[in-house]
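Taking it in order: structure first as structure tokens, then the write-up.
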There are 2 protein chains.
Amino acid sequence: MPKPPAFDLDSFLPYRLSVVAQRLSDNLARHYRAEFGISTPEWRILAHLAQSDGVSVRDIEQRIDMEKSKASRAASKLVAKGLVTKTANADDRRLLHLTLTPKGQTLLAALLPRAEAFQADLRKALGADADALMRALDNILKIDTP
Amino acid sequence: MPKPPAFDLDSFLPYRLSVVAQRLSDNLARHYRAEFGISTPEWRILAHLAQSDGVSVRDIEQRIDMEKSKASRAASKLVAKGLVTKTANADDRRLLHLTLTPKGQTLLAALLPRAEAFQADLRKALGADADALMRALDNILKIDTP
DNA sequence: TAATATTCATTGCATTTGCAACGATGTCAA
DNA sequence: TTGACATCGTTGCAAATGCAATGAATATTA
């Protein structure tokens with residue numbers, strides 16, 4: 001009857017990372033939902049559209065690490081809320097253009113400064129470790145996605 | 001029609017953290033499932049039991065940040081797989097003791113060294129940033145959980 | 001050109017998840 | 001002691017998720 005070796009889950013990086021990420025996302029999600037009525041996947045798509053408007057579902061899938069079915073459904077909800085429109089790409093009619101409506105732009109104009117402020121506060125609190133954190137995250141992705 | 005300010009989702013910390021954590025967890029989950037037939041919630045409970053055997057569902061909920069319904073269902077699956085037993089606490093019959101079976105101990109004896117090795121590799125690859133990363137994660141939790 | 005293969009977005013389906021409600025047990029104060 | 005309240009684990013239910021299959025459009029190749 002082998003005895004399991006000592007193990008400290010709290011210092012296990014994947015676990016720790018997951019807990020912190022989850023907490024942070026959930027807390028933000030509460031704000032998005034309460035003030036703007038959108039979910040995390042919806043917020044991520046909007047944020048990506050702020051950066052590059054007119055992209056396809058496929059672009060979203062590749063650029064922001066979101067399953068295409070998830071992206072498709074979130075996009076449909078954004079359309080239903082009047083924040084985004086879907087139009088067919090003229091050159092390749094398999095592709096879609098997701099475009100911010102004026103209402104979507106207004107929402108982003110209110111939301112993005114808050115996101116920036118949140119991030120600024122966070123960086124300030126982390127001090128010198130903030131850059132190391134970003135570097136570490138990049139490296140983990142490189143290692144883990146061979 | 002307000003124009004949304006420029007925004008780079010890729011450098012938004014909650015997003016970045018979430019992507020990295022998800023990748024890492026999913027990759028590990030594939031291994032757990034393929035080699036040991038367990039899911040991430042199940043693995044976390046086992047890991048916690050390696051550390052402190054005989055705990056209740058409530059302990060798990062508090063110590064490893066898992067919804068109690070999730071913990072309850074994962075524990076039931078572990079019982080069904082013969083890795084864990086549930087016994088009633090004699091002093092307080094609302095409480096449960098989750099205890100590793102010999103089979104569960106054997107599985108952990110095989111799994112834990114791999115987890116340690118994985119973590120060691122990761123730390124090595126991160127070099128000096130590893131400690132800063134851990135510190136940063138602790139600090140984010142403190143800030144974000146007021 | 002015609003036939004085959006690939007790509008894109010959506011949808012059906014099974015699983016997982018979170019929340020609220022529940023029964024059983026325990027605590028506390030009148 | 002008894003009655004109101006709290007806690008523990010489970011479960012019902014609706015929503016979210018991931019995967020595979022589908023249909024439409026395009027690319028490729030014989």
Side-chain angles (χ1 to χ4, degrees), chain A residues 18-19 21-30 32-34 37-45 48-49 54-81 84-99, chain B residues 18-19 21-30 32-34 37-45 48-49 54-81 84-99:
Chain A
S18 170
V19 167
Q22 197 63 42
R23 281 282 182 89
L24 211 50
S25 278
D26 287 353
N27 280 358
L28 282 179
R30 249 192 305 279
Y32 301 151
R33 158 150 268 112
I38 58 175
S39 67
T40 297
E42 287 164 36
W43 142 249
R44 287 196 185 156
I45 290 180
H48 183 53
L49 291 181
V55 301
S56 66
V57 169
R58 179 167 184 278
D59 283 319
I60 290 175
E61 179 185 12
Q62 297 189 329
R63 292 274 291 103
I64 66 172
D65 204 64
M66 189 183 295
E67 284 287 324
K68 66 177 176 178
S69 64
K70 194 170 171 180
S72 172
R73 291 191 249 246
S76 295
K77 289 188 184 173
L78 289 173
V79 171
K81 289 171 186 171
V84 161
T85 56
K86 289 182 193 171
T87 56
N89 184 323
D91 295 335
D92 183 342
R93 274 192 310 235
R94 293 171 304 182
L95 288 162
L96 231 50
H97 280 301
L98 296 178
T99 315
Chain B
S18 169
V19 167
Q22 197 65 41
R23 282 283 182 88
L24 210 49
S25 278
D26 287 353
N27 279 359
L28 282 179
R30 248 193 305 278
Y32 302 151
R33 160 151 265 111
I38 59 175
S39 68
T40 296
E42 288 164 38
W43 142 248
R44 287 196 185 156
I45 290 181
H48 183 54
L49 291 181
V55 301
S56 66
V57 169
R58 179 166 183 279
D59 284 319
I60 290 174
E61 178 185 12
Q62 296 189 328
R63 292 275 290 105
I64 66 172
D65 203 65
M66 190 184 294
E67 284 287 324
K68 67 178 176 176
S69 64
K70 195 172 172 180
S72 172
R73 290 191 250 246
S76 295
K77 288 187 185 173
L78 289 173
V79 171
K81 289 172 186 171
V84 161
T85 56
K86 289 182 192 170
T87 56
N89 185 323
D91 296 336
D92 183 342
R93 273 191 313 233
R94 293 171 304 182
L95 288 162
L96 231 51
H97 280 301
L98 296 178
T99 315

Over all heavy atoms of both residues, which pair between A/Ile60 and A/Ile45 is shortest? Give the atoms and the distance, please. CD1-CG2, 3.8 Å
Looking at every heavy atom in both B/Gly54 and B/Leu49, which two are closest together, and how far apart are they? N-CD2, 4.2 Å
Could you report the tightest heavy-atom contact between A/Lys86 and A/Ser76, atom names first, then the distance? NZ-OG, 3.0 Å
By nearest-heavy-atom nucleotide on DNA chain D, the more 5' of A/Glu67 and A/Arg93 is A/Glu67
Separation of B/Met66 atom CE from C/dG18 atom C1', in whole Å? 14 Å
Determine, for nucleotides 8-15 of chain C in 5'-to-3' order, which nucleotides have protein heavy atoms under 4.0 Å from the base (write B), from only the sugar-phosphate (write S), or from neither (write -). SBBBB---
note: B/Glu42, atom CD; C/dT16, atom C1'; distance rounded to Å ~ 12 Å
Distance check needed: C/dT16 P versus A/Gln22 CD, whole Å only. 17 Å
Atom NZ of B/Lys70 and atom P of C/dC19: how far apart are they, to the nearest Å? 11 Å
Cut-off 3.5 Å, no hydrogens considered: what does the side-chain donor-acceptor table look like for residues 65-75 of chain B, sequence neighbours left out?
from    : atom 1 : to      : atom 2 : distance (Å)
B/Asp65 : OD1    : A/Arg23 : NE     : 3.3
B/Asp65 : OD1    : A/Arg23 : NH2    : 2.9

If you measure from CG on B/Leu98 to OG1 on B/Thr85, what distance do you get to the nearest 0.5 Å? 8.0 Å
Heavy-atom closest contact (B/His97 atom, B/Ala88 atom, distance): CD2-O, 4.4 Å
